[in-house]
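Read through the structure below, which is laid out as structure tokens, and then see the notes.
Throughout, numbering of the chain's residues begins at 1 and tracks the sequence. We use all heavy atoms of the structure for the numbers below, so side chains are in, but hydrogens, waters and symmetry mates are not.
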Amino acid sequence: MKVNLVLSGGAARGIAHIGVIKALVDMGFDIQSVSAVSAGALVGAFFCAGYSPEEMIKIVKSTEWIKVLRPKVPRYGFFSLSKAEKFLRRYLEVELIEDLGKSLYIGVLDIKSGKSFHLSKGQLYPILLGSCALPGVFEPIRYGDYILIDGGVTNNLPVEPLLSKDGLLVGVDVNPTNAVEKVRNVFHIIARSFLLAVRSNVEKRKELCHVVIEPELQNYSVIDIWKAEEIYMLGYQKTIEVMKNYVQQTSR
């Protein structure tokens, strides 16, 4: 069965998207295209470039992420993504989004005009990094006349590019809104505030999906990248559960 996949942002929780893809592939679903934002866009780019879920989780677990991000004196953000571009180039090896092996739509927001875009053509690296530029944490990315930030600000479940495509529309939301016992640091505060704020733009878009997958990530922070294997497996397990139920219901 053909699937078109929508992947939300969610920082470290976005690792669950890799498990979702692994489960869909294991169950025989054919992922045709991906529309994604922020952490979901990173996973989508690697998948569309031909990486298997096993290869992706290996990269996540073996990378020293603090070396990929460059701290800077805050003006537009605490971290620069310039080193992250070098990291991505080493693995993805294409210049344009349309050169990837599968169709990918990346959600971004131009902070100057206030307009959101779902880009499926153009320079991969500035667009992808712009989609990940969480306001206040990462420095915005200049791309032509645009200054790009995380597209999740206005649309953290970008279903729109896939609505007219044939196949099953599967949305994946990795942002449960549970209470937390403590706030760890300023980055945790900014990331959590952002994800709480975008809930309103996600709920109405879930209704447009044929299937919605929400991994059980209530006990995981947006900065829990060292728990990658656990987060990955939760994405896998929830997808198996949800898709089995869907297949059973539709086969009656």
Side-chain angles (χ1 to χ4, degrees), residues 5-17 34-45 69 72 74-81 84-85 88 97 104-120 122-163 171-178 180 183 185-209 212 214 217 221-223 225:
L5 191 59
V6 188
L7 305 178
S8 75
R13 289 172 175 168
I15 298 166
H17 292 313
V34 179
S35 179
V37 65
S38 198
L42 285 174
V43 173
L69 305 175
K72 62 189 298 295
R75 184 181 180 192
Y76 299 117
F78 286 100
F79 293 92
S80 167
L81 291 169
E85 180 173 345
L88 292 174
I97 300 173
L104 175 65
Y105 300 83
I106 301 175
V108 292
L109 172 63
D110 173 32
I111 194 66
K112 290 171 62 180
S113 67
K115 294 181 179 180
S116 297
F117 302 95
H118 306 109
L119 300 175
S120 59
Q123 295 293 322
L124 174 62
Y125 303 107
I127 293 170
L128 183 55
L129 290 171
S131 183
C132 298
L134 182 67
V137 175
F138 298 114
E139 192 174 40
I141 302 296
R142 290 186 177 274
Y143 178 60
D145 293 331
Y146 304 130
I147 297 179
L148 303 180
I149 64 170
D150 193 324
V153 171
T154 50
N155 187 349
N156 206 38
L157 195 70
V159 300
E160 289 83 355
L162 305 183
L163 291 175
V172 187
D173 181 18
V174 296
N175 296 304
T177 55
N178 58 299
V180 296
V183 176
N185 53 46
V186 64
F187 306 115
H188 189 196
I189 291 172
I190 294 173
R192 180 167 171 78
S193 299
F194 171 77
L195 293 173
L196 289 171
V198 303
R199 294 305 304 174
S200 61
N201 74 50
V202 169
E203 295 303 321
K204 61 184 180 182
R205 290 180 169 90
K206 289 180 183 177
E207 299 175 4
L208 301 174
C209 299
V212 176
E214 300 175 278
L217 298 171
S221 162
V222 292
I223 59 174
I225 198 162

Heavy atoms, side chains only, cut-off 4.5 Å: are [X] and [Y] in contact?
X    : Y    : answer
L81  : E139 : no
N155 : V37  : no
L162 : V6   : yes
L148 : L109 : no
S35  : E160 : no
Q123 : Y143 : yes
I223 : I225 : no

Heavy-atom closest pair, residues V174 and A16: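 Of all heavy-atom pairs spanning V174 and A16, the closest is CG1-CB, 4.0 Å.
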Nearest heavy atoms of Y125 and E85, plus distance in Å: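 Heavy-atom minimum between the residues: CB-CG, 4.0 Å.
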Check whether more than 12 heavy atoms from other residues, nucleotides or ligands sit under 6.0 Å from atom CZ of F117, and answer yes or no.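 Buried by this count: over 12 neighbours within 6.0 Å.
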Between the side chain of [X] and the main-chain N/O of [Y], is any donor-acceptor distance below 3.5 Å?
X    : Y    : result
N201 : N156 : yes
S131 : G107 : yes
S120 : L104 : no
H17  : L42  : no

To the nearest 0.5 Å, what is the distance between [atom1] on [X] and [atom2] on [Y]?
X    : Y    : atom1 : atom2 : answer
Y146 : I141 : OH    : CD1   : 16.0 Å
K206 : S8   : NZ    : OG    : 9.0 Å
I97  : L119 : CD1   : CG    : 5.5 Å
I106 : L124 : CD1   : CG    : 5.5 Å
L5   : C209 : CG    : SG    : 9.5 Å
L217 : R13  : CG    : CZ    : 6.5 Å

Side chains of E214 and N175: do they bring a donor and an acceptor to under 3.5 Å?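 Side-chain D/A pair, E214 to N175: absent.
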Side chains of S38 and D150, donor plus acceptor under 3.5 Å: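 Present: a donor and an acceptor within the cut-off.
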Short N-O contact, E207 and K204, less than 4.0 angstrom: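 Here E207 does not pair with K204 in a salt bridge, since their nearest N and O are not under 4.0 Å apart.
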